[in-house]
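To start, the structure under review is shown below, and the notes come after it.
Atoms within each ligand, like the ligands themselves, are counted from 1 in listed order. Worth saying up front: this structure is predicted, and the values here are computed from it rather than measured.
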Amino acid sequence: MKLIVTESYEESSRVLADMFEEVITKKPDAVLGLATGSSPVGLYRYLVQDYKAGKLDFSKIHTINLDEYEGLSRSHEQSFGYFMDKHLFSEVNLKEENIMLVDGAGDMEEQIKRYDDFLEENPIDILVLGIGNNGHIGFNEPDEVFWAGTHLVKLEEETIKANARFFEKESDVPGRAVTMGMSGIVNAEKVVLIASGKAKADAVCRLLEDDKIDPMLPCSILKVCRDAVVIVDRELYEQTGRDENE
Ligand code: GLP
């Protein structure tokens, strides 16, 4: 697992976008694994900007998102599908049939099977991950075990609180979500986690402090990924109390 410390969230986003753009350019039909939340917003902004500047072509690109709230369809403003439409899909020449999203309002069993079938046939070339304050990735919450396949998760109180900022009130946040499991993540050719902000410092510190893979810290699975990169800005890194030259 490689660590990159940048000067700012902006720089982290540019470094991350360069990694995505390298894959898109080298492999025009690549499968991009995508995340939602505030962390990847800068990445999507750069991808849209560079697409509009004529540097990128998404016409053969496939995408698959990490997760979705149970009960929310793509037209719901707080759904991750809606978020993706707004920040990326409606802005570039991606084909609708090449976009893989969970329909949170659909039949769960069917959605889960659709996702796992897709991932088995279409391993991800590059995957962006944000990180929850408790170390979750996608919606893989701390647990006694890691779950391999796509599955339904009961969200932690802390996650509901943290994500309430996107909803009118906390009680509007769905209590459950569907998430890609660890096999989709570990099978990705490259995985890049971007973290920014004080609230993530504890989880990032725990991720960097030893060599353990612990389901109570879901992001620790990155240690078994073949090419995993963690990008943090200096402000967050300083919060971890670590010495950069360690
Ligand atoms: C949600 C998403 C995660 C994301 C996390 C952090 O829980 N399911 O994929 O990483 O939020 O979000 P943010 O980047 O807004 O801090």
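Here side-chain hydrogen bond (donor to acceptor under 3.5 Å, both in side chains) pairs that include residues 117-132, with residues two or more places apart or in two chains, are Lys27-Asp125, Lys113-Asp117.
In terms of the side-chain contact (heavy atoms from CB on, under 4.5 Å) criterion, residue partners of Lys198 (sequence neighbours excluded) are, by chain and number, Gln239.
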Close N/O pairs between ligand 1 and protein, under 3.5 Å:
residue  : atom   : partner : partner atom : Å
ligand 1 : 7 (O)  : His136  : NE2          : 2.9
ligand 1 : 7 (O)  : Asn163  : ND2          : 3.2
ligand 1 : 8 (N)  : Asp67   : OD2          : 2.7
ligand 1 : 8 (N)  : Gly138  : O            : 3.1
ligand 1 : 10 (O) : Ile131  : N            : 3.3
ligand 1 : 14 (O) : Ser38   : N            : 3.3
ligand 1 : 14 (O) : Ser39   : N            : 2.9
ligand 1 : 14 (O) : Ser39   : OG           : 2.5
ligand 1 : 15 (O) : Ser38   : N            : 2.7
ligand 1 : 15 (O) : Ser38   : OG           : 2.7
ligand 1 : 15 (O) : Arg165  : NH2          : 2.6
ligand 1 : 16 (O) : Lys200  : NZ           : 2.6

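For the pair Arg242 and Tyr237, the cation-pi test (distance below 6.0 Å, angle within 45°) is failed.
Side chains of Ser196 and Asp233: a donor-acceptor N/O pair is present below 3.5 angstrom, by distance only.
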Anything under 3.5 Å between a donor and an acceptor, one on a side chain of residues 142-149, the other on a protein residue two or more places apart or in another chain? List them.
residue : atom : partner : partner atom : Å
Asp143  : OD2  : Trp147  : NE1          : 2.8

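Checked by atom type and distance alone, the side chain of Asp214 pairs as donor or acceptor with a backbone atom of Met216 at under 3.5 Å.
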